[in-house]
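The structure appears below as structure tokens.
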Amino acid sequence: MGTPITKDTHLSRLLAEHPGLVAKTLSILFPVAEGAAGLRQRVDALRAEASAAIAAGATILVLSDRGSTRELAAVPALLATAAVHHHLVCEGSRTMCGLVVETGEAREVQHFAMLTGYGAGAVNPYLAFATIDQMQAERMIAPEIPREKLHRNFIKAVGKGLLKV
């Protein structure tokens with residue numbers, strides 16, 4: 001069953017092994033100290049960066065919240081996705097690239113449904129996979145089941161949930 005959910009390894013392989021694809025990762029992080037104004041500035045800058053990346057030949061834009069810290073917060077993934085998608089539609093360049101969201105926010109089916117509904121072609125829920133790994137390491141879930149199978153089960157469950165939505 002095809003699904004827009006992608007693991008870290010699949011995402012890196014997709015970006016590295018397909019010569020026709022040119023990926024550009026755009027950070028959706030902004031300085032916490034700047035508050036709401038910093039969030040607004042980051043969203044505006046993100047739109048401009050997306051346009052510039054497409055003009056430079058990018059065919060896949062990866063919106064990423066990796067690297068968040070106490071000093072750097074993430075623009076909510078749905079806000080970043082919707083802002084970039086709508087901006088590109090308005091300027092007429094949306095069909096020139098795919099949008100991938102690499103986020104720690106996506107955990108539940110509705111999160112994935114909203115992200116794909118607002119323009120993401122794929123979602124990499126890296127924190128969900130890390131949580132599964134940690135839970136298994138702490139023996140909270142099936143230590144006898146291979147890690148890859150647990151990840152596949154998560155992807156399958158989310159995929160089935162998306163079909164219901």
Side-chain angles (χ1 to χ4, degrees), residues 2-15 21-54 58-91 93-135 151-165:
T3 177
I5 313 311
T6 181
K7 296 186 336 181
D8 296 349
T9 54
H10 294 147
L11 181 60
S12 60
R13 209 170 39 222
L14 169 75
L15 301 178
L21 299 178
V22 178
K24 173 72 174 167
T25 299
L26 304 176
S27 174
I28 62 173
L29 302 178
F30 70 98
V32 172
E34 294 179 11
L39 174 96
R40 176 62 178 204
Q41 288 172 347
R42 185 66 201 124
V43 170
D44 291 341
L46 197 55
R47 291 177 180 139
E49 289 171 18
S51 294
I54 292 171
T59 56
I60 296 181
L61 299 178
V62 180
L63 306 179
S64 179
D65 66 13
R66 282 189 189 259
S68 62
T69 63
R70 289 179 187 261
E71 294 79 30
L72 290 174
V75 172
L78 186 58
L79 174 61
T81 304
V84 170
H85 171 77
H86 185 71
H87 169 74
L88 296 178
V89 167
C90 287
E91 78 173 17
S93 60
R94 179 60 183 96
T95 58
M96 299 172 76
C97 73
L99 281 180
V100 175
V101 180
E102 182 180 47
T103 183
E105 289 182 27
R107 299 173 307 278
E108 301 172 9
V109 171
Q110 195 62 34
H111 299 154
F112 296 97
M114 295 297 291
L115 286 167
T116 55
Y118 275 77
V123 179
N124 171 236
Y126 65 86
L127 189 57
F129 294 124
T131 301
I132 290 168
D133 295 346
Q134 183 173 349
M135 289 175 72
H151 289 194
R152 281 194 310 273
N153 289 349
F154 176 78
I155 292 169
K156 184 175 181 180
V158 171
K160 285 185 174 195
L162 283 172
L163 286 175
K164 288 180 183 180
V165 172

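Note that the structure is a prediction, hence the values are computed from the model and not measured.
- Sorted by first then second residue, the salt bridge (charged side-chain N to carboxylate O under 4.0 Å, His left out) pairs that include residues 59-73, not counting sequence neighbours, are D8-R66, R66-E102.
- Note that CG of L162 is 11.5 Å distant from CD1 of I155, once rounded to the nearest 0.5 Å.
- In this view, A128 and P125, F154 satisfy the side-chain contact (heavy atoms from CB on, under 4.5 Å) rule, not counting sequence neighbours.
- Sorted by first and then second residue, the side-chain hydrogen bond (donor to acceptor under 3.5 Å, both in side chains) pairs with a member in residues 105-114 form an empty list; sequence neighbours excluded.
- Applying the side-chain contact (heavy atoms from CB on, under 4.5 Å) rule to V22 yields the partners T59; only residues at least two apart in sequence or on another chain are considered.
- Residues that satisfy the side-chain contact (heavy atoms from CB on, under 4.5 Å) test with H10, not counting sequence neighbours, are T6, K7, R13.
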Could you go through residues 78-88 and list every donor-acceptor pair under 3.5 Å that involves a side-chain atom there, pairing it with any protein atom two or more places apart or in another chain?
unit_1 : atom_1 : unit_2 : atom_2 : d
T81    : OG1    : A77    : O      : 2.7
H85    : ND1    : R94    : NE     : 2.9
H87    : NE2    : R47    : O      : 3.4
H87    : NE2    : S51    : OG     : 2.6
H87    : NE2    : E91    : OE1    : 3.3

From CA spacing to verdict: side chain to side chain contact (heavy atoms under 4.5 Å, CB included), T103, L115: CA-CA 10 Å; T103 183; L115 286 167; 4.2 Å; yes

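- Counting only residues at least two apart or on different chains, the salt bridge (charged side-chain N to carboxylate O under 4.0 Å, His left out) pairs with a member in residues 117-135 are D133-R147.
- Sorted by first and then second residue, the pairs that involve residues 24-43 and meet salt bridge (charged side-chain N to carboxylate O under 4.0 Å, His left out), not counting sequence neighbours, are R40-D44, R42-E49.
- Taken to the nearest 0.5 Å, the CG atom of L61 stands 5.5 Å off from the CG atom of L26.
- With sequence neighbours excluded, the residues forming a side-chain contact (heavy atoms from CB on, under 4.5 Å) with S68 are L29, listed by chain and number.
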